[in-house]
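Structure record follows, encoded as structure tokens.
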Number of protein chains: 2
Amino acid sequence: MTDDLRRRLAGRGYRLTPQRELVLRAVESLGHATPDEVLAEVRQHSSAVNVSTVYRNLEVLEELGLVRHAHLSDRAPTYHSVTDHEHFHLVCRSCRGVVSVGAEAASVLTGRLADEHGFTADIGHLTVFGTCAECAREENP
Amino acid sequence: MTDDLRRRLAGRGYRLTPQRELVLRAVESLGHATPDEVLAEVRQHSSAVNVSTVYRNLEVLEELGLVRHAHLSDRAPTYHSVTDHEHFHLVCRSCRGVVSVGAEAASVLTGRLADEHGFTADIGHLTVFGTCAECAREENP
DNA sequence: CTGACTGCAAAGTGTTTGCACGCAC
DNA sequence: GTGCGTGCAAACACTTTGCAGTCAG
């Protein structure tokens with residue numbers, strides 16, 4: 001599997017470095033993580049890795065389609081691996097909770113945007129903000 | 001109409017200042033604008049207004065429901081007035097173009113999220129990234 | 001008069017860049 | 001050996017904050 005990664009990188013003229021691999025493994029094991037969180041995880045395994053290396057590698061890995069990012073807060077973006085099926089995110093403004101929803105749920109919308117606007121939506125990057133059931137209940141009891 | 005604004009502000013213990021009004025008018029006249037662009041527009045009318053005043057007022061105006069913001073790029077948020085009907089945005093990654101789409105277009109999605117997840121979606125904040133018709137044509141001629 | 005609001009400057013957060021060295025291939 | 005990748009430090013873009021003075025109500 002490491003060889004597979006090496007091949008994918010080589011295909012675009014990139015090399016496989018320990019840092020690169022650590023960043024990818026960190027994203028895979030964390031689920032949804034900001035660059036900062038990825039750095040922290042990477043440093044558990046190798047303490048001398050630099051922030052800029054994390055940013056640069058997230059960029060490369062995203063270009064290769066191995067990770068993706070979405071904006072789950074007004075602050076930092078969060079990265080996740082692409083091994084799982086395509087999904088988008090619901091974020092509750094009240095409790096900050098995040099739920100992943102399969103891309104199928106948005107198919108009517110994407111179809112409509114394609115028909116009416118010729119627009120090809122990138123659902124994997126989509127984040128829908130709002131209020132989750134639990135928080136709605138608390139606010140209007 | 002200025003009096004109406006004054007009343008809305010007073011209702012929450014806020015005051016009407018020239019800066020406040022200029023920020024609101026700037027957002028209304030610009031359509032979609034980042035805080036920086038709002039500042040530039042405000043300064044056309046009064047050169048001594050400060051950045052932090054713009055940020056603080058955008059926050060107040062948003063709390064009052066007079067303006068809204070969405071994230072149309074990975075960088076700064078963009079503000080728009082709420083006078084027009086509720087809409088969300090399509091952003092083309094290629095040409096950076098922005099199209100506003102009426103909230104109705106997403107009604108099937110919001111309905112589904114409500115039914116299946118009890119989630120109340122805030123469509124006005126939604127941004128869908130993807131590729132517009134024109135750019136898709138250029139990439140696959 | 002009172003405290004909400006402002007301008008200013010400084011600090012904060014998240015991200016990017018230039019450079020010299022080092023390592024993958 | 002070649003040049004991609006790294007660490008480091010400094011720069012960058014955007015936003016927030018503390019403070020003292022000011023002005024709206």
Side-chain angles (χ1 to χ4, degrees), chain A residues 2-24 26-27 32-43 45-64 66-67 69-79, chain B residues 2-24 26-27 32-40 42-43 45-64 66-67 69-79 96:
Chain A
T2 293
D3 278 351
D4 183 50
L5 176 56
R6 189 193 314 278
R7 252 174 272 123
R8 294 188 69 155
L9 285 163
R12 302 244 201 154
Y14 292 122
R15 296 173 183 174
L16 178 58
T17 65
Q19 291 91 332
R20 197 101 90 193
E21 192 169 357
L22 284 168
V23 169
L24 178 56
V27 171
H32 295 116
T34 61
D36 242 38
E37 291 163 345
V38 172
L39 177 62
E41 173 68 17
V42 166
R43 282 192 170 155
H45 301 90
S46 175
S47 56
V49 178
N50 196 271
V51 212
S52 44
T53 299
V54 170
Y55 278 100
R56 289 191 273 231
N57 280 323
L58 286 173
E59 197 181 328
V60 168
L61 295 172
E62 184 153 35
E63 185 192 330
L64 284 183
L66 296 171
V67 306
H69 83 274
H71 300 272
L72 304 188
S73 83
D74 281 2
R75 292 209 163 274
T78 64
Y79 286 81
Chain B
T2 294
D3 278 351
D4 184 50
L5 175 57
R6 191 195 312 279
R7 254 174 270 124
R8 295 188 69 155
L9 286 163
R12 302 244 202 155
Y14 293 123
R15 295 175 183 171
L16 178 58
T17 65
Q19 290 90 333
R20 196 101 90 196
E21 192 169 357
L22 284 169
V23 168
L24 178 58
V27 171
H32 294 115
T34 61
D36 242 38
E37 291 163 345
V38 171
L39 177 62
V42 166
R43 283 193 170 154
H45 300 89
S46 174
S47 56
V49 178
N50 195 270
V51 212
S52 45
T53 298
V54 169
Y55 278 101
R56 289 191 274 232
N57 280 322
L58 286 172
E59 198 182 326
V60 168
L61 294 173
E62 184 153 35
E63 185 193 330
L64 284 183
L66 296 172
V67 305
H69 83 273
H71 300 272
L72 304 188
S73 84
D74 282 2
R75 293 211 165 271
T78 64
Y79 287 80
R96 301 272 100 200

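Model, not experiment: these values are computed from the prediction. Each chain gets a letter, A, B and so on, in the order its sequence line appears, and its residues count up from 1.
- A:Glu59 has its CD atom 15 Å from the P atom of D:dC4, to the nearest Å.
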What are the atom names and distances for every N/O pair under 3.5 Å that joins the protein to nucleotides 10-13 of chain C?
none

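- The heavy-atom pair separating B:Pro77 from B:Pro35 by the smallest distance is O-CD, 3.4 Å.
- The side-chain contact (heavy atoms from CB on, under 4.5 Å) search around A:Leu22 returns A:Val42, A:His45, A:Ser46, not counting sequence neighbours.
- A distance of 5.5 Å separates NE2 in A:His69 from CD in A:Glu62, rounded to the nearest 0.5 Å.
- Taking atom CG on B:Asp3 and atom P on D:dA24, their separation rounds to 15 Å, with Å as the unit.
- One distance of note links CG of B:Leu72 with CZ of B:Arg96; it measures 9.0 Å at 0.5 Å rounding.
- Considering CG of B:Leu66 and OH of B:Tyr79, their distance stands at 13.5 Å, rounded to 0.5 Å.
- Residues passing the side-chain hydrogen bond (donor to acceptor under 3.5 Å, both in side chains) test with B:Glu21, sequence neighbours excluded: B:Thr2, B:Arg25.
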Whether each nucleotide of nucleotides 20-25 of chain C has a protein heavy atom under 4.0 Å at its base (B), only at its sugar-phosphate (S) or at neither (-) is summarised, 5' to 3', as ----BS
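- Every residue two or more places apart in sequence or in another chain that forms a side-chain contact (heavy atoms from CB on, under 4.5 Å) with A:Thr34 is listed here: A:Asp36, A:Glu37, A:Ala76, A:Thr78.
- Residues passing the side-chain contact (heavy atoms from CB on, under 4.5 Å) test with B:Glu59, sequence neighbours excluded: none.
- With sequence neighbours excluded, the residues satisfying salt bridge (Lys or Arg N to Asp or Glu O under 4.0 Å) with B:Arg12 are B:Glu63.
- Distance CD (B:Glu21) to P (D:dG25): 11 Å, rounded to an integer number of Å.
- Atoms CD (A:Glu37) and P (C:dG14) sit 10 Å apart, rounded to a whole Å.
- A distance of 9.5 Å separates CG of A:Leu58 from CG of A:Leu24, quoted to the nearest 0.5 Å.
- Atom CG in B:Leu9 sits roughly 19 Å away from atom P in C:dG3 (whole-Å rounding).
- Separating the CG atom of A:Asp74 from the P atom of D:dT16 is a distance of 9 Å, rounded to the nearest angstrom.
- Shown for residues 46-58 of chain B: residues whose heavy atoms fall under 4.0 angstrom of DNA chain C, namely B:Ala48, B:Val49, B:Asn50, B:Ser52, B:Thr53, B:Arg56, B:Asn57.
- Across the protein-nucleic acid pair, B:Arg43 atom CZ and C:dT6 atom C1' stand 13 Å apart, rounded to whole Å.
- Between B:Gln19 and C:dG7 there is a side-chain polar atom (N or O) within less than 4.0 angstrom of OP1 or OP2.
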Show me the donor-acceptor pairs, under 3.5 Å and distance only, between side chains in residues 4-11 of chain B and residues at least two apart or in other chains.
none

